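Notes to accompany the following structure.
Everything numeric in this text was worked out from a predicted model, so none of it was measured. Reminder, nothing fancy here: chain letters follow the sequence lines and each chain counts from 1.
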Protein chains: 2
Amino acid sequence: MDHVDKILAQWRRERPDLDVSAMGLLGRFTRLRTHLGREIEKTFTDHGLTSASFDVLAALRRSGPPFQLSPGDLLATTMVTSGTMTNRIDQLEKAGLVERLDNPDDRRGVIIALTSEGLKRVDAAVSAHVANQHRLLSELSPQEREALDALLRKLLAAFE
Amino acid sequence: MDHVDKILAQWRRERPDLDVSAMGLLGRFTRLRTHLGREIEKTFTDHGLTSASFDVLAALRRSGPPFQLSPGDLLATTMVTSGTMTNRIDQLEKAGLVERLDNPDDRRGVIIALTSEGLKRVDAAVSAHVANQHRLLSELSPQEREALDALLRKLLAAFE
DNA sequence: GCAATTTATCTTGACGTCAAGATATCTGCG
DNA sequence: CGCAGATATCTTGACGTCAAGATAAATTGC
């Protein structure tokens with residue numbers, strides 16, 4: 001009987017016409033997402049980052065040397081709007097973690113490049129982040145983690 | 001090979017020291033959450049609501065007649081700060097969907113009451129929302145939904 | 001080769017959220 | 001009874017996000 005079960009019991013009493021099984025699953029999903037998000041955020045805070053800034057730095061880092069991508073490339077990996085990406089890059093540039101370079105091939109565009117400080121920061125952050133992610137899933141056995149991943153993959157495939 | 005697999009492949013190439021299995025699961029979780037959240041939001045928009053306002057109206061609705069709770073009660077069910085709740089109530093009050101009543105037992109506090117318009121609105125919205133939730137999970141079989149719910153429940157229990 | 005369209009990025013204004021703190025009231029203890 | 005600490009709610013200021021649209025440059029098709 002968790003928090004979500006109590007909510008479902010209330011709905012069954014007040015609106016017995018509703019089939020609340022999907023609401024239970026999605027309610028747990030949402031609450032879990034909030035808890036996980038807050039825990040993950042803490043690790044980034046320890047490294048002077050946020051989820052938002054880490055997403056951008058991580059995309060640059062894992063793209064490999066020379067750690068440069070266009071804002072459009074970054075948009076494609078991050079599920080945010082162009083205005084949000086402009087803002088993220090502005091913040092990271094102010095913090096000295098990335099810089100905007102002229103794009104020699106397209107004068108409309110720019111190239112976002114990780115600075116050496118940005119590289120150091122993201123490498124440290126990702127190590128801590130990965131360790132933290134394992135901690136957050138440590139309640140599940142390896143088999144359970146695999147089953148959960150497979151189910152999420154299947155559901156996600158419907159959207160992408 | 002979904003979007004998350006591509007990200008993991010990049011990390012394996014650039015940072016082979018990292019065990020990215022947890023990152024895969026959590027990455028799918030996060031992307032799925034974004035897709036689901038956007039789809040759910042659309043249904044609320046159709047009813048002149050947002051997830052935020054629906055959360056409040058739904059808590060009042062499922063509490064049963066007389067559809068009244070204190071801001072503190074609402075806080076306990078919604079995982080937001082008191083400032084956020086004040087703002088949500090302000091918006092709903094402006095929209096005529098709830099009203100603030102004096103709390104006769106505690107002059108510090110107020111009682112938030114669903115208006116008749118609020119009741120109509122949330123009853124219509126929750127019906128559409130439940131139908132939409134089933135649609136969003138229709139890619140999974142009943143067995144898969146049950147398995148997913150059980151795994152989410154187990155993981156959520158670690159936080160609540 | 002030029003006009004029309006598309007593309008890449010940035011700007012603007014509005015929201016929703018949070019952390020920290022303010023205010024008013026209640027409660028328990030001496 | 002009266003005061004210290006707890007509690008309920010609201011205020012303030014800062015962020016991150018989005019939708020819509022602006023700007024400038026590249027591309028397409030005639």
Side-chain angles (χ1 to χ4, degrees), chain A residues 30-31 33-42 44-45 48-57 59 68-95 97-113, chain B residues 30-31 33-42 44-45 48-57 59 68-95 97-113:
Chain A
T30 298
R31 288 185 78 85
R33 153 67 202 180
T34 302
H35 288 298
L36 291 171
R38 287 176 183 172
E39 290 297 317
I40 287 170
E41 204 67 38
K42 282 183 199 165
F44 292 140
T45 300
L49 298 174
T50 63
S51 293
S53 59
F54 176 80
D55 273 357
V56 175
L57 296 181
Q68 298 182 354
L69 292 171
S70 69
D73 294 335
L74 290 167
L75 272 181
T77 74
T78 49
M79 298 187 78
V80 298
T81 62
S82 64
T84 297
M85 185 54 68
T86 297
N87 183 48
R88 287 183 177 188
I89 294 166
D90 286 348
Q91 302 311 312
L92 287 168
E93 198 171 30
K94 262 185 222 160
L97 304 179
V98 306
E99 49 190 349
R100 281 184 169 91
L101 309 177
D102 289 342
N103 182 338
D105 300 331
D106 186 339
R107 260 179 296 185
R108 291 171 305 179
V110 295
I111 297 289
I112 311 303
Chain B
T30 297
R31 289 184 76 86
R33 152 67 201 180
T34 302
H35 288 299
L36 291 172
R38 287 176 183 173
E39 289 297 317
I40 287 170
E41 204 68 37
K42 282 183 198 167
F44 292 140
T45 300
L49 298 174
T50 63
S51 293
S53 59
F54 177 81
D55 273 357
V56 175
L57 297 181
Q68 298 182 354
L69 292 171
S70 70
D73 294 334
L74 291 168
L75 272 180
T77 72
T78 49
M79 299 187 78
V80 299
T81 62
S82 64
T84 296
M85 186 54 67
T86 296
N87 182 48
R88 287 183 176 189
I89 294 166
D90 286 348
Q91 302 311 314
L92 287 168
E93 199 171 28
K94 263 185 222 159
L97 303 180
V98 306
E99 49 189 350
R100 283 183 168 92
L101 309 177
D102 289 342
N103 182 338
D105 300 331
D106 186 340
R107 260 178 297 185
R108 291 170 305 180
V110 294
I111 298 288
I112 311 303

Distance check needed: [N] [atom2] versus [X] [atom1], whole Å only.
| X | N | atom1 | atom2 | answer |
| --- | --- | --- | --- | --- |
| A/Asp102 | D/dA24 | CG | C1' | 14 Å |
| B/Met85 | C/dT17 | CE | C1' | 12 Å |
| A/Leu74 | C/dC10 | CG | C1' | 15 Å |
| B/Arg107 | D/dC10 | CZ | P | 17 Å |
| A/Phe44 | D/dG16 | CZ | P | 14 Å |
| A/Glu41 | C/dT17 | CD | P | 16 Å |
| A/Arg88 | C/dC10 | CZ | P | 14 Å |

Taking any heavy-atom pair under 4.0 Å as a contact, classify [X]: base, sugar-phosphate, or nothing.
| X | value |
| --- | --- |
| A/Asn103 | nothing |
| B/Asn87 | base |
| A/Gly83 | base |

Identified side chain to side chain contact (heavy atoms under 4.5 Å, CB included) partner of A/Ile112 from the options A/Ile89, A/Leu92, A/Leu69 |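 Exactly one candidate clears the test, A/Ile89.
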
Between the side chains of B/Asn87 and B/Thr84, does any donor sit under 3.5 Å from an acceptor?
->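 No, no side-chain donor-acceptor pair sits under 3.5 Å.
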
Donor-acceptor pair under 3.5 Å, A/Arg108 side chain vs C/dT9 base |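 Donor-acceptor pair under 3.5 Å: no.
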
Can you find a side chain N or O atom of A/Thr84 that sits less than 4.0 Å from OP1 or OP2 on D/dC18?
->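 For D/dC18, OP1/OP2 do have a side-chain N/O of A/Thr84 under 4.0 Å.
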
Where the side chain of B/Asp106 is defined as all heavy atoms beyond and including C-beta, which of D/dA19, C/dC26, D/dT9 is the nearest nucleotide?
->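 The answer is C/dC26, which lies nearest to the side chain.
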
Using heavy atoms to find the nearest nucleotide of DNA chain D for A/Ser82 and A/Asp105 separately, return the residue whose nucleotide is more 5′.
->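 Whichever sits nearer the 5' end wins; that is A/Ser82.
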
Residue closer to the 5' end of DNA chain D, A/Ala52 versus B/Thr86 (nearest nucleotide) |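 Between the two, 5'-proximity favours B/Thr86.
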
Start at the 5' end of DNA chain C and walk down; is the nucleotide closest to A/Arg38 or to A/Ile89 reached first?
->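 Its nearest nucleotide being more 5', the pick is A/Ile89.
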
Does atom CZ of B/Arg107 have more than 12 heavy-atom neighbours from other groups under 6.0 Å away?
->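 It does not: B/Arg107 CZ has 12 such atoms or fewer within range.
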
Using a strict cut-off of less than 4.0 Å between a Lys/Arg side-chain nitrogen and an Asp/Glu carboxylate oxygen, indicate whether A/Lys42 and A/Glu39 qualify as a salt bridge.
->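 Yes.
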
